[in-house]
Structure formats: C-alpha cells, structure tokens
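Structure first, commentary second.
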Amino acid sequence: MATIQQQQQRRDRFRLALLLTPGLLWLLLFFALPLVIIFVYSFMTNDALGRVVYEPTLNNYITIFTQSLYVNAYLRSIWASVLTTVICLLIGYPLAVFIARSPQQWRMPLLMLILIPFWTNFLVRIYAWQIILANNGIINGLLEIIGVGRLTLLNTEGATLIGLIYGELPFMVLPLYAAIDRFDFTLMEAAADLGANKVQAFLRIMLPMTMPGIVAGSVLVFIPTLGQFVVSELLGGAKVDYLGNLIQRLFLRANPINWPLGSAMAVLMMLVLLVLIMMYFRVTSEEER
Amino acid sequence: MIKTAPATTASARIRGAFSEGRLTWSGLSLTVFSILVYLFLYVPIVILVIFSFTRDEFGVRWTGFTFDWYIRLFNNPRMMGAAWNTLVVATVSTIVSTIIGTMLAMAMERYRFRGRNAMEGLIYLPIVVPEIVMAVALLAFSAIIFDVIRMVTGEVLRRNLATVTIGHIAFSISFVVVVVRTSLKNFDRRLEEAAADLGADSWNIFWRITFPLILPGIIGGALLAFTLSLDDFIISLFLSGPGTSLLPVEVYNRVRRAITPEINAISTLMLLLSMALVALSQLLQRRR
C-alpha cells in the first residue's frame, strides 16, 4: 500500500511541477526580474550618451525629491488620480444601481453597453475627444451657433480630466455592478422598518455591503490613472508633466535618455501606489465593520 | 423603465424598499441620470464613426459623405503593415498565454503545495503593477539581454515583434488564470471521480472530462488575452522596434501630429472588432 501511495504522490508532484514550471519561469523571467533590474538601475547613474553607468548613488532619488519638476509631477498625478477615482465612483455607483435595479430583460443589454467601451481600445476612445474638443470641432461649432463664440477646449487640464473620467468609467462600473447586483435590497426595507431613514440605511447597510465593489473599482481606476501619459498628451497638449509623461520621456525621448532617473521615478511610483492602496484598504475596512 | 417594470421578484422588492410614493421621483431622476451617462459614453464613439465618412480633410467637421479615407487606409502600407503585426502579435500572445495560464490555473486550483501563496502573489501582481512600470522594466531587461548577446555572439539585435509578444504574454497570463480559475471552481469534481472509477487514466480524464467542461472558460480567457493584446498601447510603445510598429502605436504617432479622417477610419474598424469580440464572449457566456 505504502509504495502505491508513494508512487501516486511522486506522480502528483511531477504533474504539479509540469503545470507550474512554464508560468513560473515566464513570470520570473519577464516580470519579476525586469522589476528587480529597474530597482537596481534606480541607484545607478548615466553618461552623456545616455548609457547606464554602474556606480551606486542616491542622486536620482535626491533629484526627484528636491527638484520641483519631479515633485510637482508626483503631486499632480496623485491629485488627478484621486479626482478621477472619486468622480468615477460618484457617476458609476448610481449607474450600477440603475442597471442592477432594471427589469431582468434590460439588465444584459445595459451591461453590454458598459462592456463595449470596456473592451474598446483606450487610445481610440481618448482620440474621439480630440475630434469633439478641437478648435473647429463640434462643441465649438455649437457654441458659435448659440453665439458664445469659440473657446479653447483642447489642450487644457479640463480636457485631460474629462478624458481620464471617460476612459476609466467602465472599469469602475463593472465591479460596482457585480457587488450591487448581489446586494439584497430587502435589507433596505428591513432597515426602514426598524426606523432608519434612507440616508442611514444607505450609509450603514448598503454602502458597507457593497464596499468590495467600491474598493475593486477604485483600485482598477486609480492604478492606470497614476501612470497615464496618453491622455495628458493627446487632450492636455502635454503642457504640464504628469508622472507618466516624465518617465516616458526619460526612457525614450530625452536627450540624453536617463534610464536610472526614470527607473527611480517608476520605483517611487510603485511605492506611492502601495502606500495609498494600503491606506485606502484600512479606511474602507473600517467602514465595512 | 423602472416604472413599467413587471412586478416580479427584483423590481417588486425595490418598490418595497424605496416605496411611499417617492419611487417615481428617485427612480425617474436615476433613470435620467443614467441615460445621460450612457450618452456621455457613446456620443464620442458615434461621432468618431460618423467623422470617418466626412469629406473634411481635418476630420472634425461634416462636409459631405465619402468613403475615401477607408480606401486610402487600405492603400497605406505602413498602416496595413502595423495592422498585420498587431494581429500576429495578438494571435501568438493569445495562444501562449492561454496555454500557460490554463496550466497555472489547474495547478493553483487542484494542488496544495509549499510556496502556493507566493505563487498567488506572483500571478496577481502583473494586474496591479502600472503598465508603464512593466513597460520600462521590460525595456531595460531587453537592453541588457541584447547587450549580452552582442558581447557573446557579436550579433546586434533590436527590439522587434518578439519582444512585444513576450511582454504581452507576461501581462495576459494573469488574466487568463483569473478567468479559467472561475470555471474550475464551478466544476463538479465528482465527474472526474466517476471517470476514474470507470478506469480512465488521468490523461483521458483531463482531455475527455475536464477540458471540454472548462473550455468555455478557456475560450473566455483567450478572448480576453486577445483583446488585451490588440488594445495594448503602453507596452507596445516601449517594446516595439523601428519598422515593427503595432497599430495603436502607429495611431498614436499620427494623432500626436494632427487629426486626419484616416485615423477616424482605422479607429472605427478597431471599434467594430472590439464589438465583435464582446458579442462573441457574451454568446459563449450565455451558452455556459
């Protein structure tokens, strides 16, 4: 008996190794190791030709913390991400409630209408706003007709914010819907029977119970927004630098390129993300209690 | 819509919960608000499609119907080349990440082993790491590899479709694992036990029982991987080399210069492809 069991165990272990190895290798080699490399790069310097010089230094981090160009990029990106997340939440929550409360036969089509932009190329959807906001575009055409005259809409910070909200909204709505759809609305009735008003019932029953959806949606919106550079370039006209713009430039277009400094910026961005998400989880889990 | 809802389960409950005559007002304002949000989501897309047919050479005004931009697009070798590259990368990336991802999902769902939690972390990390960080990390990594190859063999390599594909696979695997694991969780394992009792070996059990039953999940994961690769812009920008550009990168490079209706046309085609993929994935889900 023991030998058969041992054989079985050995075969199981072999099978597990077979299943795990390709994925483990791929993720270690093409995901984990590259991250280690930029972490190491962030403590190096570069020469006049943009080549990495292997001399350990803290200069990149000092530069980031002392030059307003970099400090401002961090603050601007964090602020834009917070704003985008909050506005997407404020728009997305009622919308998700609306879909979840719709009659059964309407729910699938309404959800599909969220899924289509979710699956559509982000770049294309942002580009669509260039057409709308262009100086001789539709909105300005309408403004002229009603006598307001043309306004500069494209290449403004407002345009960037609209683009970010527009781009990320589907990523907020889907997890929210998943949570709200599972919520039992009779609980609101029960709360009302026990004397709670609507605001109390929402804050103390519905909000905590749909919190997993809120957290998932917020994280899904916040992360890509923090590193974005397309929206601020295409709609904001690259007038001010967000984190993503600086990192992209340092890696691809600066003269000379500066990978160590860019790596330090990327590492710090991950750190910022980690801290903010942990803070967020702490606040929301208190809310859940 | 809420007002005309048949008084069945859900809507009846809601009526109870939000009753006392206020339903009409709160329901109505919620409906109006939601319609406005849907308009916000769709008006830009519709305008993009309409303006792919305008005669206006700047592509932002309606000056009459034309099909010219599509014809020009199909005669533009750069665009067509980029489109072809995109499809090749997406296809290879989908095949590899679906196979690797399905294997990982099986391992995570069916086995208990040491380091399982760490593996879990490694699988889900690519979903939460900002794409730009992954992109610059892979760029730095590929540069080092190319340097090593040059020193060892003397061959000078540049970033190409292979580097992009490797990057796409690296972030697609995680999403495939998530989707396939869901279908493995809903799987009735007694079917496998029954097959084993009837004398089937594990190879036969997998291919005749498990695989057909989780196939919808695998196809769902594959469709997601395909879409992720088609839509990816950031990793493609950092990892594609000269002359091997992908469609989103090509669109980005042209859009940064000026709006042209040709871009509206290619965007419309990309939009149609996305819609077809959503429809396909929904059909599959309904069959499940």
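Every chain is numbered from 1 and lettered A, B, ... according to where its sequence line falls, protein lines coming before strand lines.
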Heavy-atom proximity to chain B below 4.5 Å, by part of [X]:
X: A/Gln130; value: both
X: A/Pro224; value: neither
X: A/Ile116; value: both
X: A/Gln228; value: neither
X: A/Ile126; value: neither
X: A/Met265; value: neither
X: A/Ile91; value: both
X: A/Asp12; value: both

Report yes if the side chains of [X] and [Y] come closer than 4.5 Å at any heavy-atom pair, otherwise no.
X: B/Tyr38; Y: A/Leu95; result: yes
X: B/Val37; Y: A/Phe98; result: no
X: B/Pro130; Y: A/Leu273; result: yes
X: B/Leu138; Y: A/Phe31; result: no
X: A/Ile38; Y: B/Val133; result: yes
X: A/Leu115; Y: B/Gln282; result: yes

Interatomic distance, [X] atom [atom1] to [Y] atom [atom2] [nearest 0.5 angstrom]:
X: A/Arg125; Y: B/Met270; atom1: CZ; atom2: CE; result: 12.5 Å
X: B/Glu109; Y: A/Leu19; atom1: CD; atom2: CG; result: 12.5 Å
X: A/Thr21; Y: B/Met103; atom1: OG1; atom2: CE; result: 7.5 Å
X: B/Leu271; Y: A/Trp119; atom1: CG; atom2: CH2; result: 14.0 Å

Minimum heavy-atom distance between [X] and [Y], given as atom pair plus value:
X: A/Thr120; Y: B/Asp231; result: C-OD2, 3.6 Å
X: B/Phe33; Y: A/Leu90; result: CZ-O, 4.3 Å
X: A/Pro94; Y: B/Leu30; result: O-CD1, 3.4 Å
X: B/Arg256; Y: A/Leu234; result: CG-CD2, 4.0 Å
X: A/Ile131; Y: B/Phe51; result: CG2-CD2, 3.4 Å
X: A/Leu27; Y: B/Ala170; result: CD2-O, 3.8 Å

Which answer fits [X], side chain, backbone, both or neither, if we ask what part of it has an atom under 4.5 Å from a heavy atom of chain A?
X: B/Ser34; value: both
X: B/Leu122; value: both
X: B/Ile123; value: both
X: B/Ile173; value: side chain
X: B/Leu48; value: both
X: B/Val128; value: both
X: B/Leu230; value: backbone
X: B/Ile47; value: side chain
X: B/Val136; value: both
X: B/Ile99; value: neither
X: B/Ile169; value: both
X: B/Asn264; value: both

Original post:
Quick check: are there more than 12 heavy atoms from other residues, nucleotides or ligands sitting under 6.0 Å from CZ of B/Arg114?
Top reply: no

Original post:
More than 12 foreign heavy atoms under 6.0 Å from CZ of A/Phe14: is that the case here?
Top reply: no

Picking from [options], which has the most non-hydrogen pairs under 4.5 angstrom with chain A?
options: B/Ala107, B/Ala279, B/Pro44; value: B/Pro44
options: B/Val177, B/Leu273, B/Ile263; value: B/Ile263
options: B/Thr227, B/Thr268, B/Ile266; value: B/Thr227
options: B/Tyr252, B/Trp62, B/Phe58; value: B/Tyr252
options: B/Ile234, B/Val96, B/Leu125, B/Ile45; value: B/Leu125

**OP:** Verify side-chain contact (heavy atoms from CB on, under 4.5 Å) between A/Leu252 and B/Leu139, making sure each step is shown before the conclusion.
**Re:** CA-CA 10 Å; A/Leu252 294 181; B/Leu139 175 63; 4.0 Å; yes

Picking from [options], which has the most non-hydrogen pairs under 4.5 angstrom with chain B?
options: A/Ile37, A/Val173, A/Leu20, A/Asn121; result: A/Asn121
options: A/Tyr41, A/Phe118, A/Phe122, A/Phe39; result: A/Tyr41
options: A/Leu35, A/Ile247, A/Leu226, A/Leu24; result: A/Leu24
options: A/Met112, A/Arg13, A/Met108, A/Arg11; result: A/Met112
options: A/Gly92, A/Ala201, A/Pro117, A/Ala191; result: A/Pro117

Original post:
How are the rings of A/Tyr166 and B/Phe40 set relative to one another: parallel (under 30°), tilted (30 to 60°) or perpendicular (over 60°)?
Top reply: perpendicular

**OP:** Classify the angle between the aromatic ring planes of A/Phe229 and B/Phe238 as parallel (below 30°), tilted (30 to 60°) or perpendicular (above 60°).
**Re:** perpendicular

Original post:
Which one of B/Val251, B/Leu237, B/Val255 satisfies the side chain to side chain contact (heavy atoms under 4.5 Å, CB included) criterion with A/Leu123?
Top reply: B/Val251

**OP:** Using atom types as modelled and distance alone, determine if a side-chain donor or acceptor of B/Tyr42 lies under 3.5 Å from a backbone N or O of A/Leu113.
**Re:** yes

**OP:** State whether a side-chain donor-acceptor pair under 3.5 Å links A/Arg15 with B/Ser202.
**Re:** yes

